[in-house]
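Order of listing sets the numbers, starting from 1, for every ligand and every atom in it. This chain uses plain numbering: 1 for the first residue, then up along the sequence. Predicted model, so just to flag it, every value in this text is computed and none were measured.
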Amino acid sequence: MDSLKWWQKAVFYQIYPRSFADANGDGIGDIPGIISRLDYLQDLGIDAIWLSPHFPSPLCDCGYDVADYRGVAPEYGTLKDFELFLNEAHKRNIRLVLDLVLNHTSDQHPWFIESRASQDNPRRDWYIWRKGQAGGLPPNNWYASFGGPAWEYDAATDEYYYHFFFKGQPDLNWRNPQVKQAMFDEARFWLDMGVDGFRLDAIGTIFEDPHLPNHVPAISQKEYYQASRAAKTPEEWQEFARTSEAMFAGQHDLPEVHDLMHEFRQVIDEYPERVLIGETEEIAFYGKNNDELQLNFNFPLMHTRLITPAGVRANQKERLTALPASAWPCNTLGNHDSPRLYNRYGDGVHNQAIARLNLALLLTLKGTPFLYNGEEIGMRDFLIDDPALFRDAISPMVYHMETEWMDLDAPSALRFAAENGRDKCRTPMAWANAANGGFCPAGVTPWLPVNPYYAQGINVAGQISDPDSLLSFYKKMLHIRKANPALIWGDYKPLFEEVSDFLAFLRIAPEQKCLVVLNMSEKPQFIQPGPEVKPGKMIFSSDTNREKEYEPGRIQLAPFEIFIMQAG
Ligand code: GLC
């Protein structure tokens, strides 16, 4: 195991800085707040932090629109605070990985302000500017992935600029070598300071077809949106996915991106022990000889309504087979863009047990696990019911499309907009059963509403001393993963592949073999493993009634039981 890199052994924890901890009581999370919770994180047992963007930003996309890549947003603190954070994290053996947005900057970034100033500005070509077509039409028919056209007209210079996301996020022109050098230098600034790597945002969208071909299914945004809403069956979804693919074909995953990632990897490799993590599920980003990004998310695992034994087995089979030799897997079930896993995968009755199974799954599958802040206390989505409180610009857009294009009544459209925006999973962390969940002082209005569930035990203080809480379970499982090398680097071998109620697999390392059984059903199960499972000591069972002594050859599983045993 000593040959493994730190990021192969680590469990990552994503911090969404605006919502994590507010030290100065202004209703917005900040870096001193994070520092004050480092002991908590150390005690929880995580090894690395992925910090969502902490840079100055006008917040058109909640921080994913960066106005200065070397700064710290004033509401989060200063560069000095950041350095202290980095040092304090390192003192506790916690690594720190930043979120680097490469595809675009904010339209308030000085580079863009210069670029838009005139057609002959030296930075004009740092972004993607084109003339419109006759008749006041944009350069082509491409759409932005967040809705609306991908081109924004700029009257001052009578040209359009391209943006894959919101119009406040103009795409950088990565075909310009100056852009590449400038961005590599921004990365070096943090690497020189000692950060441990980057999670690279939306890398698939960095290049687009320079010939700007119109997309083929020339349907309007309205028709496209209606098609997305009309798809109900898996077949209809597939059909919609095909349309979607054709619509955005010229706008993402162009082959050039791999040369760029390879070059960026060389920058990183000038520094010891740094890591690049791609926000992509594309295996090609590992590179030809592992020479691009060290980790890329297994998003297909989480892109499912329900986590089922058959679904996980199929995912693992496909993913692990497709990974190039020595590429390291990377699993996650939640982040700041997706629903909270507690309610997303819950069945409404056994959510607590299912949340535990899902954590056990993440920590026992092969690959580096990524957790999202708040999962450890079972935070749920919170649906905002006042449009004035939306902070994610996706919600107002969805509201508009629902009322204008789908003829939905206002209350239903509001609910749908809240469900389909991302504020719901970004609400402040609940630290205590106190005003504002202990996130900020009473009387202060937090930047996003606090989920009132904090009063029902969904808060850190309430769970930390309760041995049966979800938080205590997280701690226990994180500890178990660390203490059992097979769970970190053992090969994955599925067992009982025809069974639909439970998932059973072996993790086989030179020094240890573990059997993991996750009963994903509400019924007891009975399993009789074959000779490859040697009777060994029990490592963990979530069934408190299980006898310490048991017969390893014949395992009776309680409903939703998590069972881990040494198997040779
Ligand atoms: C990534 C981020 C998301 C952001 C988008 C544009 O997908 O995770 O939050 O909106 O990129 O930067």
Dump the intermediate steps for side-chain hydrogen bond (donor to acceptor under 3.5 Å, both in side chains) on W129 and S115, then the final yes or no. CA-CA 9 Å; W129 292 97; S115 181; 2.9 Å; yes
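Using a 4.0 Å cut-off to heavy atoms of R422, the atoms of ligand 1 that qualify are 3 (C), 4 (C), 9 (O), 10 (O). With ligand atoms numbered from 1 in the order given, ligand 1 contributes 4 (C), 5 (C), 6 (C), 10 (O), 12 (O) to contacts under 4.0 Å with heavy atoms of D61. Every atom of ligand 1 is numbered from 1 in the order shown, and the set under 4.0 Å from a heavy atom of R426 is 9 (O). Ligand-side atoms of ligand 1 in range of H336: 2 (C), 3 (C), 8 (O), 9 (O), range being under 4.0 angstrom from any heavy atom. Of all atoms in ligand 1, numbered sequentially from 1 with element shown, those under 4.0 Å from a heavy atom of F146 are 10 (O). Heavy-atom contacts of H104 reach the following atoms of ligand 1: 6 (C), 12 (O) (cutoff under 4.0 Å).
Cation-pi geometry between R70 and W190 is not met at under 6.0 angstrom from the ring centre and within 45 degrees of the axis. For the pair R130 and Y160, the cation-pi criterion (under 6.0 Å, within 45° of the ring axis) is not fulfilled.
Compare N335, D201, L102, D337 by their heavy atoms: the one nearest to atom 12 (O) of ligand 1 is in D201.
The shortest contact between atom 7 (O) of ligand 1 and any protein heavy atom is with E279 OE2, 2.8 Å.
Partner of W126 under the side chain to side chain donor-acceptor pair (under 3.5 Å) criterion, chosen from E114, H109, Q178: Q178.
Residues L172 and L102 approach most closely at CD1-O, 3.5 Å, considering heavy atoms.
With a 4.5 Å cut-off on side-chain heavy atoms, R340 and K424 do not count as touching.
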